[in-house]
Chemist: 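Below you will find the structure I want to go over with you.
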Amino acid sequence: MISLVQLFIAPAYIAPNNLIMDPVSKDYSLKPYNSFHIEANARYYADFSTVDELAELYNRFPQNRKLILGGGTNLLFTKDFDGLVLKNEIKGMELVSEDSQYVYVRAGGGENWHGLVLYSLQRNWQGLENLSLIPGSVGAAPIQNIGAYGVELKDFLYELEAFDTEENKTFEFSVNDCELSYRDSVFKNRYRNRFVILNVTFRLNKIPKFHASYDLLAEELNSMGVEELSAKKISLAVIHIRTSRLPDPAIIGNAGSFFKNPVLSILEYKNLKKINPLAPGFPQTEGFVKLPAAWLIEQCGWKGYRLGDAGCHVNQPLVLVNYGKASGREIFELSEKILASVKAAFGIVLEREVNII
Ligand code: EPU
């Protein structure tokens, strides 16, 4: 019989019977690892909690396709993944430095995003409160420059470290190097599938500068009777909006906004308004207007639509949902129909925000 002492000192990869356990699993179910709750298998699966473990896995499987998983909250599996799925489990959150105005906080790529928001709120570091409760991991956040209620990650990202899988080296990226724009970054374009984000450093405010003018947020703060803003109150308001309007991925499978909001030139927007005087639009910089894709989809009659277990959410049509047993293919096909009808009705081609695998 193995004593307790032996159990505690045994390295993690040695099983009690002294057989060395392979950290790589075969034909592994990804259902618990994607917020759409889609049944799909990975040919190989492993997690990593250090850069050395990651590098070793890349060395061991040089020819196989790889997929880096964070929280699995922004992807849709339409088939099994015939390669190696690697889940980022790099943990840790720490204050790295501070000056009179800012704190610099580093978090491991495998940390939960909302966990970092709470960690900052507890210490009265201000900045991330509008991004409360966004599902997903810290390492995935810069890839699509997450944003909500008037704030984007790029407003608070300072730098990050990423592993270059081609050169087998770790590089530092400043916020400018990341080329962040609306739900976009260098990691979705030039460096797609090349870098793995290991940790991210944020620059947060000691002297608060709140963003509370986003319509829904301002209304919520008002109905809460908030007179003096604080990061905690904004966070509570955001949490209330999200929990009352958006489906909880733990209960109803979804990956947040399925499409991006299209950005039109002023001229295109004016032409659209001639035919659709009620079309909402949010002015952007340099003569562009962002149109809510939710409005376009609702106009086409999809809000609350359901076929089998695949649906378009009843409160927020930008969110496609899996009510239970929908396949990734069924969700994808619904997204194709939505794309086609928005194109036919408005001449606008929506872009998917969710990664289709
Ligand atoms: N709208 C409708 N019908 C609806 C719902 C909304 O017409 O049923 C229109 C309204 O005009 C409303 C506008 O859409 O004013 C904007 O709606 P909302 O504030 O809910 O935001 P969104 O544009 O639909 C974006 C982000 C969300 C983020 C919210 C809040 C994208 C693709 N999505 O959604 O991000 O939480 O703003 O800031 O930009 C995500 O990326 O996964 C995500 C959830």
Chemist: Side chains of Val226 and Leu229: closer than 4.5 Å at any heavy-atom pair?
Modeler: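 SC-SC contact between Val226 and Leu229 confirmed.
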Chemist: Evaluate the side-chain proximity of Gln144 to Ile146: yes if any heavy-atom separation is below 4.5 Å, no if none is.
Modeler: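 Side chain of Ile146 against side chain of Gln144, heavy atoms only: contact under 4.5 Å found.
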Chemist: Any sub-3.5 Å donor-acceptor pair from Lys206's side-chain atoms to Asp99's backbone N or O?
Modeler: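 Indeed, once roles are kept as given, a pair shorter than 3.5 Å links the two residues.
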Chemist: Just checking Glu227: does its CD atom have more than 12 heavy atoms from other residues, nucleotides or ligands closer to it than 6.0 angstrom?
Modeler: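 No - once you tally the heavy atoms of other residues, nucleotides and ligands closer than 6.0 Å, there are 12 at most.
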Chemist: With a 4.0 Å cut-off on N to O distance, would you call Arg306 and Asp309 a salt bridge?
Modeler: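 Between Asp309 and Arg306 there is a salt bridge, with a charged N closer than 4.0 Å to a carboxylate O.
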Chemist: Can the ring centres of Phe163 and Phe171 be said to be less than 6.0 Å apart?
Modeler: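 Ring-ring flag for Phe163/Phe171: false, centres at least 6.0 Å apart.
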Chemist: For the ring pair Trp113 and Tyr119, is the centre-to-centre distance below 6.0 Å?
Modeler: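 No, too far apart.
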Chemist: For residues Pro247 and Val321, determine if any side-chain heavy atom of one lies less than 4.5 Å from a side-chain heavy atom of the other.
Modeler: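 Result yes, sub-4.5 Å side-chain heavy-atom pair found.
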Chemist: If you count the non-hydrogen atoms of other residues, nucleotides and ligands that lie under 6.0 Å from CG in Asp215, is the total more than 12?
Modeler: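 Not buried by this count: 12 neighbours or fewer within 6.0 Å.
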Chemist: Mind running salt bridge (Lys or Arg N to Asp or Glu O under 4.0 Å) on Lys188 and Glu179 for me, showing each step along the way?
Modeler: CA-CA 10 Å; Lys188 277 176 97 173; Glu179 296 175 17; over 6 Å; no
Chemist: Less than 4.0 Å between a side-chain N and a carboxylate O, is that true for Glu159 and Arg106?
Modeler: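 Looking at Glu159 together with Arg106, the answer is no, because their closest N to O distance does not fall below 4.0 Å.
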Chemist: For the side chain of Tyr149 and the backbone of Leu131, is there at least one donor-acceptor N/O pair under 3.5 Å apart?
Modeler: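 Side chain of Tyr149 to backbone of Leu131, a donor-acceptor pair under 3.5 Å: no, none is there.
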Chemist: I'd like to check Leu86 versus Asp47 (side-chain heavy atoms, cut-off strictly below 4.5 Å). Are they in contact?
Modeler: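 No, side chains not in contact.
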Chemist: Between Ser230, Ser120, Ser132, which is the residue that forms a side chain to side chain donor-acceptor pair (under 3.5 Å) with Ser235?
Modeler: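 Exactly one option meets the side chain to side chain donor-acceptor pair (under 3.5 Å) with Ser235, and it is Ser132.
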Chemist: Do Ser257 side-chain atoms and Val319 backbone N/O form a donor-acceptor pair below 3.5 Å?
Modeler: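 No, Ser257 side chain to Val319 backbone: no donor-acceptor pair under 3.5 Å.
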Chemist: Is any side-chain heavy atom of Tyr182 less than 4.5 Å from a side-chain heavy atom of Asn261?
Modeler: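 The answer is yes; the side chains approach within 4.5 Å.
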Chemist: Would you say the side-chain atoms of Asn189 and Asp184 include a donor-acceptor pair closer than 3.5 Å?
Modeler: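 Note: Asn189 and Asp184 side chains meet the donor-acceptor criterion.
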Chemist: Is Thr201 close to Val105 at the side-chain level, that is, under 4.5 Å between some pair of heavy atoms?
Modeler: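 No, every pair of side-chain atoms sits at 4.5 Å or beyond.
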Chemist: Is the shortest distance from a Lys or Arg side-chain nitrogen in Arg43 or Asp82 to a carboxylate oxygen in the other one below 4.0 Å?
Modeler: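 Salt bridge between Arg43 and Asp82, a charged N being under 4.0 Å from a carboxylate O: yes.
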Chemist: Do Asp80 side-chain atoms and Ala40 backbone N/O form a donor-acceptor pair below 3.5 Å?
Modeler: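 No.
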Chemist: Indicate the ring-plane relationship of Phe187 and Tyr191, choosing parallel, tilted or perpendicular according to the 30° and 60° boundaries.
Modeler: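 Rings of Phe187 and Tyr191: tilted, as their planes differ by 30° to 60°.
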Chemist: Can you check whether Pro208's main-chain N or O pairs, donor with acceptor, with Asn205's side chain at less than 3.5 Å?
Modeler: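 Not at all, since once roles are kept as given, no pair shorter than 3.5 Å links the two residues.
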Chemist: Taking all heavy atoms of Leu84 and all of Val24, pick out the closest pair and write down the distance.
Modeler: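 Between these two residues, the closest heavy atoms are CD1-CG1, 4.5 Å.
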Chemist: Side chain of Asn322, backbone of Ala310: donor and acceptor closer than 3.5 Å?
Modeler: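 No, because the side chain of Asn322 does not come within donor-acceptor range (under 3.5 Å) of the backbone of Ala310.
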Chemist: Less than 4.5 Å apart, any side-chain heavy atom of Trp125 and any of Leu95?
Modeler: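 Yes; the side chains approach each other to less than 4.5 Å.
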Chemist: So for atom NZ, which belongs to Lys79, do other residues, nucleotides or ligands contribute more than 12 heavy atoms lying within a distance under 6.0 Å?
Modeler: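 Incorrect, the count does not exceed 12.
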Chemist: Any salt bridge between Lys91 and Glu111, counting N to O under 4.0 Å?
Modeler: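 Result for this pair is no, no salt bridge flagged.
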Chemist: Is there a donor-acceptor contact under 3.5 Å from the side chain of Lys66 to the main chain of Asn64?
Modeler: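 Checked: pair present.
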Chemist: Tell me, with the steps shown, if Thr73 and Ser35 meet side-chain hydrogen bond (donor to acceptor under 3.5 Å, both in side chains).
Modeler: CA-CA 5 Å; Thr73 54; Ser35 62; 5.2 Å; no
Chemist: Using the salt bridge (Lys or Arg N to Asp or Glu O under 4.0 Å) rule, take Glu89 and Lys87 through it: C-alpha gap first, then chi angles, then the decisive distance, then the call.
Modeler: CA-CA 6 Å; Glu89 290 287 359; Lys87 180 148 167 44; 3.8 Å; yes
Chemist: Has Asn59 got a side-chain atom pairing as donor or acceptor with Glu56's backbone, closer than 3.5 angstrom?
Modeler: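 Looks like no, no N/O pair under 3.5 Å.
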Chemist: Hey, are Lys260 and Glu351 close enough for a salt bridge, meaning a charged N less than 4.0 Å from a carboxylate O?
Modeler: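 A salt bridge is present here (some side-chain N lies under 4.0 Å from a carboxylate O).
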Chemist: Verify whether the ring centers belonging to Phe346 and Trp295 lie closer than 6.0 Å.
Modeler: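 Between Trp295 and Phe346, which both carry aromatic rings, the centre distance is below 6.0 Å.
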Chemist: May I ask you to check whether Tyr45 and Phe81 place their ring centres under 6.0 Å from each other?
Modeler: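 So the answer is no for these two rings.
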Chemist: Spell out, as yes or no, whether a donor-acceptor pair under 3.5 Å connects the side chain of Asn254 to the backbone of Ile252.
Modeler: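 A pair under 3.5 Å: yes.
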Chemist: Within the distance-only criterion (no hydrogens, no angle test), does the side chain of Glu330 pair as donor or acceptor with the backbone N or O of Ser327 below 3.5 angstrom?
Modeler: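 Indeed, once roles are kept as given, a pair shorter than 3.5 Å links the two residues.
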Chemist: What about the rings of Phe61 and Tyr44, do their centers lie closer together than 6.0 Å?
Modeler: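 Yes - the distance between ring centres of Phe61 and Tyr44 falls below the 6.0 Å cut-off.
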Chemist: Measuring only between side-chain heavy atoms, which start at C-beta, is Pro142 closer than 4.5 Å to Ser185?
Modeler: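 Side-chain contact under 4.5 Å: no.
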Chemist: Verify the neighbour count for atom NZ of Lys343: are there more than 12 heavy atoms of other residues, nucleotides or ligands below 6.0 Å?
Modeler: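 Result for NZ/Lys343: open.
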Chemist: What verdict does the salt bridge (Lys or Arg N to Asp or Glu O under 4.0 Å) test give for Arg60 and Asp22, after you've listed the backbone C-alpha separation in whole Å, the side-chain angles of each residue and the deciding distance to 0.1 Å?
Modeler: CA-CA 12 Å; Arg60 189 173 148 191; Asp22 189 345; 2.9 Å; yes
Chemist: Does the pair Lys337/Glu333 count as a salt bridge with the N-to-O cut at 4.0 Å?
Modeler: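 Salt bridge between Lys337 and Glu333, a charged N being under 4.0 Å from a carboxylate O: no.
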Chemist: For the ring pair Tyr104 and Tyr158, is the centre-to-centre distance below 6.0 Å?
Modeler: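 Yes, the ring centres sit under 6.0 Å apart.
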Chemist: Pair Arg352, Ser335 - check side-chain hydrogen bond (donor to acceptor under 3.5 Å, both in side chains), show working.
Modeler: CA-CA 9 Å; Arg352 289 186 182 88; Ser335 77; 3.1 Å; yes
Chemist: How about CD on Gln284, more than 12 heavy atoms from neighbouring residues, nucleotides or ligands closer than 6.0 Å, or not?
Modeler: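 Atom CD in Gln284 is crowded, with more than 12 foreign heavy atoms closer than 6.0 Å.
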Chemist: After noting the C-alpha distance and the side-chain angles of Glu129 and Lys233, does the key distance pass the salt bridge (Lys or Arg N to Asp or Glu O under 4.0 Å) rule?
Modeler: CA-CA 9 Å; Glu129 58 278 4; Lys233 285 177 197 159; over 6 Å; no
